[in-house]
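Just so we're on the same page: letters track the sequence lines, and every chain starts at 1. These numbers come from a predicted model, not from an experiment.
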There are 2 protein chains.
Amino acid sequence: MLRNISSGENGIRNPDDGKREDQLFVQAVARAMQVLSAFHRTQRPLSLTALAEASGVGRSAAQRVVHTLQTLGYIERDEAGRGYVPGIRLLDHTHDYLRLNPLIERATPVLLDLRRNARERVDFSLFDDLRMVYAVRMQSKRETFFATLVGHSVPTLCTSGGRAVMSRLPDVEVEDIIARSDRRPFTDKTITDPQEVREKITEARQLGYALTVEEVLVGEVAVGVAVLGPNGRPLGAIHIAGSLSEWTPSAFAERFAPLASEAAHAINRVR
Amino acid sequence: MLRNISSGENGIRNPDDGKREDQLFVQAVARAMQVLSAFHRTQRPLSLTALAEASGVGRSAAQRVVHTLQTLGYIERDEAGRGYVPGIRLLDHTHDYLRLNPLIERATPVLLDLRRNARERVDFSLFDDLRMVYAVRMQSKRETFFATLVGHSVPTLCTSGGRAVMSRLPDVEVEDIIARSDRRPFTDKTITDPQEVREKITEARQLGYALTVEEVLVGEVAVGVAVLGPNGRPLGAIHIAGSLSEWTPSAFAERFAPLASEAAHAINRVR
DNA sequence: ATAACTGTATCGCCTGTCGATACAAGTCTT
DNA sequence: AAGACTTGTATCGACAGGCGATACAGTTAT
């Protein structure tokens, strides 16, 4: 059975989990963000009460928080007035995040060039433990809607970018990621078996890039190359993704892996 | 003198202003977001104390808030360990915002087609009172870094998208926006004089699109068309922007205004 | 009609925040 | 190498303010 990656159920452990080991550490701020995070698991506007129980917070608390967040612009009423949705004010912080991330600053022009040369979908994602978060997206062709949004995240375990990142991590960390990752497959091609993943990573270490075929989306082939920080630690990855209707996996890799590697190298901070 | 639009000082009233008329309404949540908002006005990582005074909050409070936000992933230490920067967790909320905004869902595929046809920079921005916030950006050519980020905002008053939006608003609202807008010019071509702005809006009403020439960036020409909600109220705008080194303003408008209008029409909810 | 929702309002108890203050560790001067 | 700055961290008590409980008004569904 295929998992729907457009839904909140994308197999990535929810970012909220495990953050609050001790229930005693619950504060107002945490509560508020908890409420905002309730939207992660929905496809539609949420009512106040829905918001409350989705975030595991009492009605009264939710009411207070929602009211505050609303006046601040972090939550808005739905267009149709049927419920609440995240507010536009959130995009201000998005902008701050992107602006202040030196990696993204350096990556953007490189990615533009890359996309022009590659003429396929080019993405840049950031390594965040078990998931890779899309920070810059540049698509050439028509794509599904959800695939095109900044902030979308996919598991490190079974994506080209994630594998590329893991290929640059020491074994202990790789094992740690494998152990903690959700193993539910997206497609019947998704590789989640620990031993198979290890082999793919070894392969990526030899090649300098990772190749995935239909592991997340049926019909999709992708190459990923890690982008490194000053200390050699992988911070993110460049992906190029194409369609199996146009490419064989090996032809795709042969054509695009060098381009992606070159681009990644241009971003890497050498020092 | 030109204003630097890449900085936080882009002439838009800060979103924080006026939200908290009464100082008594200060709560923990508001305080936290206030601290996060301190990044709006900086170009570099902030130290704890800098964060405190930039957000007008006591050291102790900032300490508490930063600690909380950090454990939640909304604030991170800088790569170099020199200070704090916004955290990747913010992108989760970005994703939620974009996902749950029906306008963006409908706009994305249209914009992709539009960019392929236009071969110029295509943007979609949302109307948020005095400012237009870029929500989807699709550039064809190399651009400056800051111009390419989601969440970037520009004044409604002097941008093609903003003018297009205002041309669909009743006069009272237009006057209100003009009155409250910051009038500092970006370039020496920026039109901020109320009477001139009114004329430009009248023009936009007749043409069905707004044309701006070098009002924000020197050498840039842009057409904007409003996108309307079910009740006919403008919710955002499509922009196409090009370079004066390649186009005369009239040629640019003649070529792209129809494309932009067509795209906007495809997005408009008719009902 | 009734029922099941919405969002809103009020009102104490007690929790969790904030100010003050002190300290440890690191960085730039001298 | 010692001083004069930073930086982040820790503790603690007073009191603002968040939260639970509860009630109510306005919509939509049955």
Quick one: A:Leu46 CG to C:dC5 P, roughly how many Å, whole number?
16 Å
Any carboxylate oxygen within less than 4.0 angstrom of a Lys/Arg side-chain nitrogen, looking at A:Asp78 and A:Arg44?
no
Side chain of B:Ala28 only, heavy atoms from C-beta on: which candidate in C:dT8, C:dT17, D:dG8 is closest?
C:dT17
Quick one, give me the B/S/- string for nucleotides 20-30 of chain D, reading 5' to 3', where B means a protein heavy atom under 4.0 Å from the base and S means that only happens at the primed atoms, P, OP1 or OP2.
BB---------
Which label fits B:His93 and A:His40: parallel for a plane angle under 30°, tilted from 30 to 60°, or perpendicular past 60°?
tilted
Can the ring centroids of A:Phe124 and A:His239 be said to lie less than 6.0 angstrom from one another?
no
Rounded to whole angstroms, how far apart are CG on B:Leu48 and C1' on C:dT27?
17 Å
Write down the atom of B:Asp92, the atom of A:Arg131, and the distance for their closest heavy-atom approach.
OD1-NH1, 2.7 Å
I want to check one thing: is the phosphate of D:dT7, taken as OP1 and OP2, less than 4.0 Å away from some side-chain N or O of B:Thr49?
yes
Between B:Arg233 and B:Glu173, does any NZ, NE, NH1 or NH2 come within less than 4.0 Å of an OD or OE carboxylate oxygen?
yes
A:Glu53 atom CD is separated from D:dC19 atom C1', nearest whole Å, by 18 Å
Is it the case that over 12 heavy atoms from other parts of the model lie below 6.0 angstrom from the CZ atom of B:Arg82?
no
Just the rounded figure in Å: distance from P of D:dG18 to NE2 of A:His67.
12 Å
Which residue lies more 5' along DNA chain C, comparing A:Val29 with A:Gln70 via nearest heavy atoms:
A:Gln70
Measure CD/B:Gln27 against P/C:dT17 and give the value in whole Å, please.
13 Å
If you check the B:Arg77 side chain, which of D:dG8, C:dT8, D:dG18 turns out closest?
D:dG8
Phosphate oxygens OP1/OP2 of D:dG18: is one of them under 4.0 Å from a side-chain N or O of A:Arg64?
yes
